[in-house]
Each structure stands twice: as structure tokens, then as C-alpha cells.
S.K.: 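Just dropping this structure here.
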Amino acid sequence: MGDPAMMWLSWRQFRVQALAGLVALAVIVAYLVYVGTDVRQGYDVYQAACRSQGDCAQATAQFRAAYENTLLFLAAGLALIPAILGTFWGAPMIARELEGNTHTLAWNQSVTRQRWLLVKVLVVGVGAMVLTGVAGAALTWAAAPFDEVVKNQFSTFVFGARYIAPIGYAALAFTVGTVAGLLLRRTLPAMALTLVGFIAFQFFFANTVRPNLVPAEHATLPMTAEAINEAQNLGSITGGSVIHGVRVPNAPDAWIADTSPLRTPDGKTIDGGKFGACINTPPKTGAGGTFGDAAVCLAKYDLHVDVSYQPASRYWTFQTLETAVYLALSGGLVALSLVRIRRRVS
């Protein structure tokens, strides 16, 4: 049995999953076209409001509020697609054959174990990458006007749902499932391990590895009343003296990877009592802005924060590096599978 025959056999075994995937993809793309059309209509309204008001701040806030939750939900959904494909396509692919002992039929037809496995991985794995890549491209298109205005592409869910990154995720999720099936030799345990393991790895990579793929820039930002009012939130549920969503003046679209607590001129974190008083009972000044009197109160302490950030110009560097890491890990798992199946599987 040659490679074309093996590929045809693999395709026949995979055709039901492929058909289900195509139907699901068609539904996803149709919905994203609808969302993208709606976002573009909202973008036209946003531009008209900017021109008529001469100040885009209110128009931006309205545009963001109208679509942010929907697009975040879709980004989170796209993040699940690789995990689902790894679970339902990757994990059962080998485990089911080993459980049913059907793999011996292929091996007895002059097909080596490595070729049998490699053809299956290529046929089904490429299908998983294409499906995820098309869904990612559709979401990237749908969200393009929103991303242009909000410029939040580095956030955890959004970054992983744009451009080429989802392709790398699909490759790794599928190979994780394949290895799990090969090692555990049982379909259900392999599926469970793939789903939990890949999602856990995604969170680990996004929060621990991604910020360190490229050495960060560092800056000390004075927290004037104006700077505090430009932040996204102030304080925390634990009462910490923290501020999030600050902007680097010379790099307003930068990804802020880490922000220190609010610090006094001597480098110490501002006293919690003083911070709480400014947040809860600030002196009345009639100041405007997002945080108003609280911002004016805190500014009197001459505060600053130390930030680590990545300029927006590095976005494609991060996309390329992260995708390369995921593809490299996928290749390593395929190599491990080929070694394992040659030496130990019988």
C-alpha cells in the first residue's frame, strides 16, 4: 500500500468528522460575516460622530461598548476550537485504532508504523489547521474596524484569535491529542487529558511565556490627574493600591505587560489608608474625568508607576514567534510519536 492509497484510506476514515467540521465552519463564517457587516456599520456611525463632534472620546466609548463583549465572546469561542479539534479529532485518531486492534491490518500490508502514523497526522492535522485558520481569518476580518479604533490586539483572548496564531494553536492541540491517544491507548482518557492539558497550557503560555518572547521596554510614568483619568480602572477588589490600563505617552498603543502599584517619590507603595480615602471619600473639587475627585486627590501625592511594555510595532514579531513556537512544539510531538510507535506500540 503506497502513500496515495494510505492518504485515501485516512481520508475515508476521517470523512464524517471532516463533513461535520465543514458544516460547523460554514455556520461560523456566516455568523462572522453578519457580525463584521454590523461592526462596519457601527464604524461608519463612529466616524460620522467624530467628524461632527470634533472629539472622538465619546464616540469611541460608544463604539467600544456596542461591540466589545460580542467580539470578546467570539475570541474566547475561537480559542476553544483548537482544543475541541485536538480532543475529538486528535485524541481518538490513534487511540481508537489501538483499542479496536485495527491498526494491525494496515501494518500487515507492507506499511511501516511510522508511515501509517505520519500520513494520518498529515491528513487530519492539516484539516484541523485549515479549519481553524479560516475561522481565525473570518474573525480577524469581522473585528478589523473595532481593532483599528480600540487597539487592544495584545490582550490575552484577542491576540490568540487574530491572523496566524490560531493555526499554530490547532497544530499543537491536534498533536497533543495524537500523543495522548498513542500513550494512553484509551480514547476517553486521551480526550480528557487533551482538553484539560491544552487549555491549561494556553493560559500558561499567554500569561507567562508570551510577555517574555521579546525583552520588554521599561518606563516610569508620572500619575498626574490627567494620566489617572486616562486609565481603565483604579483599585482592586482586595483594596490594593493599583491602577490598570495606563498609557505610555510615546507609545500610546503599546501592550502594557506589567504595571507596578502606585508608588510615592521614594519608591514605596502608597499607604493603603491614603489610597482608600482618595477612592472612597475624596475632597470635593468638582473635577471631571473618569475618576474625577479621586484622581485629583491621588495626584497630590506625586505618584508614579513603573511599567514594562511592548511597542505596538512588535505585534507581528509576537504573532510570528508564538506561531513558530507552537509549530515547533507540534513537530517535536510528531517526532516523539514516530519514535514511540516504532519502539513500543504493538
S.K.: Rounded at 0.5 Å granularity, tell me how far CZ in F146 sits from CZ in R64.
M.R.: 6.0 Å
S.K.: Within a reach of under 6.0 Å around CD of E226, are more than 12 heavy atoms found that belong to other residues, nucleotides or ligands?
M.R.: no
S.K.: Answer yes or no: is there a donor N or O on one side and an acceptor on the other, between the side chain of D293 and the main chain of T285, under 3.5 Å?
M.R.: yes
S.K.: Would you call R162 and L139 a side-chain contact if the rule is heavy atoms closer than 4.5 Å?
M.R.: yes
S.K.: Should F291 and P282 count as side-chain neighbours, where that means a heavy-atom distance under 4.5 Å?
M.R.: no
S.K.: Evaluate side-chain contact (heavy atoms from CB on, under 4.5 Å) for M223 paired with L298, printing each intermediate quantity in order.
M.R.: CA-CA 8 Å; M223 286 293 98; L298 289 170; over 6 Å; no
S.K.: Does some side-chain heavy atom of Y163 sit less than 4.5 Å from a side-chain heavy atom of Q153?
M.R.: no
S.K.: Decide ring pair (Phe, Tyr, Trp, His ring centres under 6.0 Å) for W255 and F318; before the verdict, give the C-alpha distance in whole Å, the side-chain angles of both, and the deciding distance to 0.1 Å.
M.R.: CA-CA 11 Å; W255 169 32; F318 275 87; 5.6 Å; yes
S.K.: Could you give me the CA-CA distance, side-chain angles and deciding distance for L172 and Q202, then say whether side-chain contact (heavy atoms from CB on, under 4.5 Å) is met?
M.R.: CA-CA 10 Å; L172 182 59; Q202 285 285 79; 5.9 Å; no
S.K.: Provide the closest heavy-atom pair for P92 versus T187 in the form atom of the first, atom of the second, distance.
M.R.: CB-CG2, 3.9 Å
S.K.: Which heavy-atom pair separates A91 from A95 by the least distance, and what is that distance?
M.R.: O-CB, 3.4 Å
S.K.: Out of curiosity, I164 CD1 to E322 CD, how far, rounded to the nearest 0.5 Å?
M.R.: 9.5 Å
S.K.: For the CG atom of D147 and the CH2 atom of W141, what is their distance to the nearest 0.5 Å?
M.R.: 13.0 Å
S.K.: Should the heavy atoms of other residues, nucleotides or ligands under 6.0 Å from CZ of F201 be counted, would the total exceed 12?
M.R.: yes
S.K.: Given the rule in the side-chain contact (heavy atoms from CB on, under 4.5 Å) test, do I228 and L262 qualify, once you have shown the distances and angles that lead to the verdict?
M.R.: CA-CA 11 Å; I228 292 172; L262 288 162; 5.6 Å; no
S.K.: I'd like to know if the side chain of D38 and the backbone of Y34 have a donor-acceptor N/O pair within less than 3.5 Å.
M.R.: no
S.K.: Ignoring hydrogens, what is the shortest heavy-atom contact between T264 and H304? Give both atom names and the distance.
M.R.: O-CE1, 3.1 Å
S.K.: So if you build clusters from Ile, Leu, Val, Met, Phe, Trp, Tyr with side-chain heavy-atom gaps below 4.5 Å, do W316 and V325 land together?
M.R.: yes
S.K.: What distance separates L336 CG from L329 CG, expressed to the nearest 0.5 Å?
M.R.: 12.0 Å
S.K.: Which heavy atom of R40 sits nearest a heavy atom of A144, and at what distance?
M.R.: NH2-CB, 4.0 Å
S.K.: Taking a hydrophobic cluster as the set of Ile, Leu, Val, Met, Phe, Trp and Tyr residues connected by side-chain heavy atoms closer than 4.5 Å, whether directly or through intermediates, do W89 and I28 fall within one such cluster?
M.R.: yes
S.K.: Which residue in the set T259, D258, I256 passes side chain to side chain contact (heavy atoms under 4.5 Å, CB included) when paired with S308?
M.R.: D258
S.K.: Does the side chain of L71 come within less than 4.5 Å of V158's, by heavy atoms?
M.R.: no
S.K.: What's the spacing between L184 CG and I94 CD1 if we round to 0.5 Å?
M.R.: 13.0 Å
S.K.: Indicate yes or no: at least one non-hydrogen side-chain atom of R263 is less than 4.5 angstrom from one of T220.
M.R.: no
S.K.: Looking at every non-hydrogen atom in both residues, tell me the closest pair between A173 and T194 and how far apart they are.
M.R.: O-CG2, 4.0 Å
S.K.: Is the shortest heavy-atom distance from the side chain of P166 to the side chain of P82 under 4.5 Å?
M.R.: no
S.K.: Looking at every heavy atom in both A171 and S330, which two are closest together, and how far apart are they?
M.R.: C-OG, 3.2 Å
S.K.: Count I, L, V, M, F, W, Y as connected when their side-chain heavy atoms are under 4.5 Å apart, and connections chain through other members. Are V121 and L327 then in the same cluster?
M.R.: no
S.K.: Identify whether V176 and I81 are in the same connected component of the hydrophobic contact network (ILVMFWY, side-chain heavy atoms under 4.5 Å).
M.R.: no
S.K.: Does any non-hydrogen side-chain atom of L74 lie less than 4.5 Å from one of L78?
M.R.: no
S.K.: Any side-chain heavy-atom pair from D306 and H218 closer than 4.5 angstrom?
M.R.: no
S.K.: May I ask whether V126 and L118 are part of the same hydrophobic cluster, defined by side-chain heavy atoms of I, L, V, M, F, W, Y residues being less than 4.5 angstrom apart, directly or through others?
M.R.: yes
S.K.: Once rounded to the nearest 0.5 Å, what's the spacing between atom OH of Y169 and atom CG of L80?
M.R.: 13.0 Å
S.K.: Can you check side-chain contact (heavy atoms from CB on, under 4.5 Å) on F159 and Q319, steps first, answer last?
M.R.: CA-CA 8 Å; F159 182 89; Q319 277 274 329; 3.8 Å; yes
S.K.: Could you label the plane-to-plane angle of the F198 and Y326 rings as parallel, tilted or perpendicular, counting under 30° as parallel and over 60° as perpendicular?
M.R.: perpendicular
S.K.: Please say whether more than 12 non-hydrogen atoms of neighbouring residues, nucleotides or ligands are located less than 6.0 Å from CZ in F205.
M.R.: yes
